[in-house]
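The next block holds one structure in the form of structure tokens; read it before the comments.
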Amino acid sequence: MWRGLKSPLFLLIDKSMIDKDVVNQVVESFIDQADIFVVDIIITNNNHISIEIDSFEGVSLDDCVNLSRYIESKIDREQEDYELEVSSAGLTSPFKIHKQYIKNTGKEVEVITTTGSKYTGVLKAVSAESIELIVDKTIKPEGSKRKITIQEEITILLQNIKTTKLIIRFK
């Protein structure tokens, strides 16, 4: 018996979590005025709000601070106790949304498909359904002793992509 105490199940149900739709509406109202887009919003059951943003021109520290302050002005900490983290999408993190593909057109990426195939190449084009990569392929021409590298254009359906990451090279 739980005499006078709340059962553990009741404690789990009783704990209010910030509504993701509310946070999303607040963030969307801010980014309508800015040149950034949302990559991800995660809210844990202990009200830790983690927001990843990106921009076609890059995200500055001021962008993160301004969004954080805007959210804090719209969601009252007296009514909802929460922890807030606003950051830019990581350079080495996998792409999460379509706009990241568009932003990185012309750059080198690594794509792993749902079948396990791995491609590294330049992201040439992005559509609503697929991406086009220019990849280097090594072949041995008939009658030749040496292999040569040629460039090949391949198309991958977005639904067949497991992960895509930007390749960072220091020369």
Side-chain angles (χ1 to χ4, degrees), residues 18 20-21 23-46 48-71 83-171:
I18 292 178
K20 187 173 183 174
D21 290 335
V23 174
N24 195 39
Q25 287 174 353
V26 170
V27 172
E28 290 294 329
S29 68
F30 176 82
I31 65 173
D32 283 345
Q33 307 160 18
D35 195 22
I36 59 177
F37 54 88
V38 176
V39 173
D40 201 7
I41 296 176
I42 299 171
I43 302 175
T44 64
N45 56 359
N46 61 348
H48 176 86
I49 304 169
S50 178
I51 301 170
E52 279 186 29
I53 58 174
D54 205 345
S55 168
F56 289 100
E57 287 78 40
V59 175
S60 70
L61 181 59
D62 285 341
D63 293 328
C64 295
V65 169
N66 291 337
L67 177 56
S68 179
R69 288 182 180 154
Y70 184 80
I71 293 168
E83 181 180 345
L84 178 61
E85 174 186 336
V86 177
S87 62
S88 64
L91 278 177
T92 58
S93 299
F95 295 178
K96 294 181 181 177
I97 64 170
H98 193 258
K99 281 187 179 179
Q100 289 179 296
Y101 286 93
I102 296 168
K103 174 188 175 183
N104 290 293
T105 301
K107 297 180 182 169
E108 189 175 16
V109 296
E110 175 187 273
V111 177
I112 299 175
T113 65
T114 53
T115 61
S117 298
K118 181 177 171 182
Y119 301 97
T120 301
V122 175
L123 183 58
K124 180 183 175 191
V126 179
S127 73
E129 297 84 28
S130 64
I131 63 169
E132 290 181 28
L133 289 179
I134 299 174
V135 297
D136 289 339
K137 184 176 180 180
T138 305
I139 61 166
K140 185 177 178 187
E142 192 174 320
S144 175
K145 292 183 179 184
R146 293 186 178 187
K147 292 181 179 181
I148 61 169
T149 301
I150 62 167
Q151 290 191 331
E152 182 177 66
E153 211 172 284
I154 62 169
T155 300
I156 305 171
L157 294 175
L158 290 173
Q159 67 188 23
N160 295 337
I161 295 176
K162 182 177 180 181
T163 61
T164 302
K165 292 182 180 181
L166 184 64
I167 302 290
I168 307 294
R169 297 199 192 273
F170 298 100
K171 295 179 181 182

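What you see is a predicted model; the values in this text were computed from it and never measured. Excluded from the calculations below are hydrogen atoms, water molecules and symmetry mates; all remaining heavy atoms, backbone and side chain alike, are included.
Atom NZ of residue Lys140 and atom CZ of residue Arg146 lie 12.0 Å apart, to the nearest 0.5 angstrom. Considering CD1 of Ile71 and CG of Asn66, their distance stands at 11.0 Å, rounded to 0.5 Å. We find the NZ-CD distance between Lys165 and Gln100 to be 12.5 Å, quoted to the nearest 0.5 Å. To the nearest 0.5 Å, atom CD1 of residue Ile49 and atom CG of residue Leu84 are 5.5 Å apart. Remark: Ser55 OG to Asp35 CG distance equals 4.5 Å, nearest 0.5 Å. If you take CD1 on Ile53 and OG on Ser68, they are separated by 10.0 Å, rounding to the nearest 0.5 Å.
The two residues Gly58 and Asp63 have their closest heavy-atom pair at O-OD2, 4.0 Å. Listed here is the closest heavy atom pair of Ser88 and Cys64: N-SG, 4.0 Å. The nearest pair of heavy atoms linking Leu166 to Glu108 is CD1-O, 3.4 Å.
The side-chain heavy atoms of Glu28 and Val26, taken from C-beta on, include no pair separated by under 4.5 Å. For the pair Val23/Ile18, a side-chain contact is recorded, criterion being any heavy-atom separation below 4.5 Å from C-beta on. Looking only at side-chain heavy atoms (C-beta outward), Val109 and Thr120 stay at 4.5 Å or farther from each other. Within the 4.5 Å cutoff, no side-chain heavy atoms of Thr164 are placed close to those of Leu123. Side-chain contact check for Ile41 versus Lys20: some heavy-atom pair is nearer than 4.5 Å. Phe56 is listed as a side-chain neighbour of Ile102, based on a closest heavy-atom distance under 4.5 Å. Considering only heavy atoms from C-beta on, Ile97 comes within 4.5 Å of Phe37 through its side chain. Within the 4.5 Å cutoff, no side-chain heavy atoms of Ile161 are placed close to those of Thr114.
Ionic pairing of Asp54 and Lys99 is not present here: no N-O contact between side-chain nitrogen and carboxylate oxygen is shorter than 4.0 angstrom.
A donor-acceptor pair shorter than 3.5 Å can be found between the side chains of Asn46 and Thr44. If you check the side chains of Ser29 and Tyr70, you find a donor sitting under 3.5 Å from an acceptor.
Relative orientation of the Tyr101 and Phe95 rings is perpendicular, given thresholds of 30° and 60° on the angle between their planes.
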N/O donor-acceptor pairs under 3.5 Å from side chains in residues 148-159, not counting sequence neighbours:
from, atom 1, to, atom 2, distance (Å)
Glu153, OE1, Lys124, NZ, 2.7
Glu153, OE2, Lys124, NZ, 3.4

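In this structure, Lys137 places its NZ atom where only 12 or fewer heavy-atom neighbours from other residues, nucleotides or ligands lie under 6.0 Å away.
Of the possible polar contacts, one joining the His98 side chain to the Ser127 backbone as a donor-acceptor pair under 3.5 Å is found.
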